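What follows is a set of notes on a single structure, which appears directly below.
Here the structure is a predicted model, which means the values were calculated and not measured. Numbers for residues simply follow the sequence, beginning at 1.
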Amino acid sequence: MLWNKFRHVNHNFDDPLEYLAVQIDFLNINHPASEVVLLDDFNAHNELWLGSNKTDAAGRAVEAFALTQGLTQLVTSPTFFPRVSSHASSLLDLFLTTHPAPYSTAVLSPLGNSDHGVVEVRFRSEAAVAAETRTGRKTWHYGHADWEGLRDFFSSFPWSDVCFTDADASTVCSSITEIIHVGMEEYIPHTVKVPKPGSNGWFNKSCDTARQQKIKAHRTYLQNPTVENRQADVESRNKYNEAVRNAKNQHDIKVRHRVMSQRNGSRSFWTLAKQIEKNFSHSSLPPLTLLAKIFAANSTMDVPTNAQVPSIQRVPHTMREVTFRHKTVRRVLLSLDINKASGPDLIPAIVLKRCAAELAPVFSRLFQISYESGTFPENWKFAHMCINRELLDYLERYSLISDRQYGFRHQRSTGDLLAYVTQLWSKLIHSNGEAHVVALDITKAFDQLWHAALLSKLPSYGLPEKLCRWVADFISGRKISVVIDGFSSSSHNVNAGVPQGSVLAPTLFLLHINDLLSCTINPIHSFADDSTLHAGIQSDKPISAAELEKRRLATTSSLTRDLEAITAWGRNNLVQFNASKTQYCTLTNKKRPSAHTVSMDGRVLPKSHSFRLVGVQITEDLIWHEHISSIAAAAGKKLGYLFRAKKYFSPHDLLTLYKAQIRPSLEYCSHIWGAAAPTTLSMLDAVQRRAVRLIDDSSLTDSLGTLSHRRAVGDLALFYRYTNGLCSSELSSMMPPRDVPARQTRLTSASHPDRVKLRTSRTGRYDRSFVPRVSRLWNSLREEAFPSFTNLRQFKNRINKISLGSS
């Protein structure tokens, strides 16, 4: 129906969806607060998206259009009921909106002789936002600071006589903090501002004053309509309009600065997006008191009185005592991110960084006192950075952390984890078998870490006694409060978890969970707490149906035994595994599904057609349409927000935002799903085309590069890293060996010496997986693409300039 209507409405576009996309973007630019709703009989069929019994071109096109435009389809049941009983009913009448939260839909019986049901849509209003208690906020003007004077103050101050007369680390720390604040007050200009209700919008005090004067002048004119009063009335209105224009311009500059200062990553963007939705005039945060209570509840646990701390086997190594050298502390201070918020000590990172040379000796002495006494200063947060470096060096040197742990470790990433396990699973399917995967769910893993369990394990890893005592003090006696943008909450005591935001906390968590990865027969692979248990079936030749069922029974039985061991580990460590959220999925191309089940904690795990692993949706057939659709949908929503906020930015700003906040989500772990069907990948190309319309400056967008080329460069860069051993041992061992030709030919002399052996493939699915797919592209490179020594950045720069074929 949509296409038929379109032919009578517009003759400038060949595609009605393209016309609608342009109109929606125009609406977002000119009316940022507007909501887009599309209702129609789209006559589109799509199996995955709409539950149709087939997928046609219209179905694929409407799905891509909805995803890239940030539209959510809310009708969930069939709307077309054919009069012929042999014909299936289908969902044809769609309700698409950019704001799905307030709506609910239902399909009612058709009216009269119609074969379409009535689509009922209900709307509910949002609840009022609770008021917050606001506190005064001090703003430091670092651009006008006397940094030289502050450094002279710190270098000449008698620290020993004033701050180091007490042996208590917390007392010394408080004295040092107080002196740093004295220096800041003296050499850094600052202002104190108490936020007022409604003060976050553009309507400021000048506007309010001008408005009052306008009202007064107009009232005077009405009471006494003289020429002079008429002139005063006009002038007051002009002054008010000028005040409004100035306030809006200042507000736009402020908003632009806020957006451009956002760090890369989805979380910061969505926080910003909520502000855009509210026209930057209200806080997008829930009540902070409620937040603080939630965080505190998450980090509080009831430890049974009879709980026995777990014990693990001691390693044959011992870590040396930690020492705090001036140059090490200085290097840590110079590496601080000045964009991060201050801690409880209220000392900004920029002060520590600008005065690193002068403060490093002071901090080194403080840290040594803290370490020797085994007490962590209550309001200090940087000592653990030096300790974490030495601890990680020790753990990696002796390979004390499981090779199957990919979280918070050098030269390991979520992409590496996915590269290994998906390649392994693809190989199992290629080898006449299948993979059985259990995605575990740990309840509040970081927040509910039992301190006693962690501390009992540290000596077994060879950590010295002083460090163990220091860590014990570091994680105990903590409080939680929330302070954001002048809003504050009361503090709450917590007795569990590792301190959030601390660089040492992830390392402690890895030590806590490390023995979990060795308690099972089948392997567990983890990225921090995101843990996946898996087992496989494979054979050099086709497996008979009877043999397959026998192996399936053995595999599921072994998984159940492993889950019993995992549950027992959880009981010993007071870690709760949520069986109701644990997902079990069989990756296979066998036509007959397995009838055998897997149980956890007495509960049979339901089979799922897909599961999520470190942000990637993996389906049982290793087809990537579902995952890529979700990528396109999220990116489409982000672009919608930018269209609504377009007036705040220049084309160059918009290009920067697209590159920093949207394009990375289109490329995350693309080496895993980069060989998806072209019709599926085209959804991502549609997102980039929409971004080009948003930026609207060909001099900038012509150099964007295609997403397919960027995926190929990314694939080769990972292949280079893995073949050079810059990854986990198991991932390095999975890479194909070098192909050394038996004799030199014209073909071999034209290739590079790092060629790898290509493996024959029985199935197209395995042929499209990462290693065999990128091996072919790798071998097609010429020798000049490779640096003379291992240099990933140089290699990536070189291949980025080459026209690469599809990988």
Side-chain angles (χ1 to χ4, degrees), residues 1-6 10 13-28 36-76 90-100 610 616-617 619 623-643 658 662-668 670 673-695 701 704 706-708 710-711 806:
M1 290 295 291
L2 174 69
W3 276 261
N4 294 332
K5 296 175 184 176
F6 176 76
N10 196 292
F13 288 83
D14 295 328
D15 183 357
L17 296 178
E18 181 185 358
Y19 169 77
L20 288 174
V22 172
Q23 296 303 312
I24 291 172
D25 291 341
F26 176 82
L27 183 66
N28 284 331
V36 175
V37 174
L38 298 178
L39 310 166
D40 200 13
D41 172 7
F42 281 77
N43 198 24
H45 300 267
N46 191 303
E47 292 177 82
L48 293 176
W49 188 47
L50 301 176
S52 311
N53 58 4
K54 64 177 182 178
T55 298
D56 56 19
R60 285 191 291 268
V62 175
E63 179 189 20
F65 162 75
L67 293 175
T68 56
Q69 293 298 132
L71 296 163
T72 301
Q73 204 288 113
L74 296 181
V75 184
T76 58
S90 56
L91 171 54
L92 300 181
D93 305 277
L94 310 184
F95 181 92
L96 301 167
T97 177
T98 52
H99 292 64
S610 67
V616 174
Q617 194 72 19
T619 55
I623 301 299
W624 304 104
H625 180 87
E626 185 175 329
H627 175 68
I628 294 174
S629 296
S630 66
I631 294 175
K637 288 182 179 179
K638 288 184 176 182
L639 280 175
Y641 287 119
L642 289 185
F643 269 103
Y658 171 67
I662 297 178
R663 191 171 66 182
S665 67
L666 303 180
E667 298 176 336
Y668 173 68
S670 63
W673 46 261
T679 54
T680 299
L681 292 173
S682 65
M683 294 183 187
L684 306 182
D685 296 325
V687 172
Q688 178 148 300
R689 287 195 301 272
R690 190 181 179 205
V692 169
R693 285 203 306 271
L694 168 72
I695 299 164
T701 56
L704 264 179
T706 65
L707 294 176
S708 60
R710 291 179 57 82
R711 287 195 294 268
S806 173

Handout entry: Glu47, Arg60, Glu63 screened by side-chain hydrogen bond (donor to acceptor under 3.5 Å, both in side chains) with His625, the one that passes
Key = Glu63
Restricting to non-hydrogen atoms, name the atom on [X] and the atom on [Y] that form the minimum distance, rounded to 0.1 Å.
X: Leu681; Y: Arg711; result: CD1-NH2, 3.8 Å
X: Leu67; Y: Ala633; result: CD2-CB, 3.2 Å
X: Ala44; Y: Ser52; result: O-OG, 4.4 Å
X: Ile662; Y: Ala635; result: CG2-CB, 4.0 Å
X: Leu707; Y: Leu684; result: CD1-O, 3.4 Å
X: Tyr668; Y: Trp673; result: O-NE1, 3.0 Å

Practice task
Check whether any side-chain N or O of Thr98 sits under 3.5 Å from a backbone N or O of Leu71 as a donor-acceptor pair, and report yes or no.
Solution key: no
Practice task
Verify, without hydrogens or angle tests, whether Asp40 (side chain) and Phe42 (backbone) share a donor-acceptor contact under 3.5 angstrom.
Solution key: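 Side chain of Asp40 to backbone of Phe42, a donor-acceptor pair under 3.5 Å: no, none is there.
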Handout entry: Residue pairs, two or more places apart or on separate chains, that pass salt bridge (Lys or Arg N to Asp or Glu O under 4.0 Å) and touch residues 679-694
Key =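 Qualifying pairs, neighbours excluded: Asp25-Arg690, Asp25-Arg693.
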Problem - Leu50 and Leu94: CA distance, side-chain angles, deciding distance, side chain to side chain contact (heavy atoms under 4.5 Å, CB included) verdict - result: CA-CA 9 Å; Leu50 301 176; Leu94 310 184; 4.0 Å; yes
Handout entry: Partner residues of Gln73 under the side chain to side chain donor-acceptor pair (under 3.5 Å) criterion, sequence neighbours left out
Key =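 Partners of Gln73 under the side chain to side chain donor-acceptor pair (under 3.5 Å) test: none.
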Handout entry: side chain to side chain donor-acceptor pair (under 3.5 Å) partners for Ser90, two or more places apart
Key =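 Checked Ser90 against side chain to side chain donor-acceptor pair (under 3.5 Å); zero matches.
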Problem - Non-hydrogen side-chain atoms of Phe65 and Leu38 separated by less than 4.5 Å - result: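 Yes, side chains in contact.
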Exercise for the section: Check whether any side-chain heavy atom of Lys637 lies under 4.5 Å from a side-chain heavy atom of Thr72, and answer yes or no. Expected result: yes
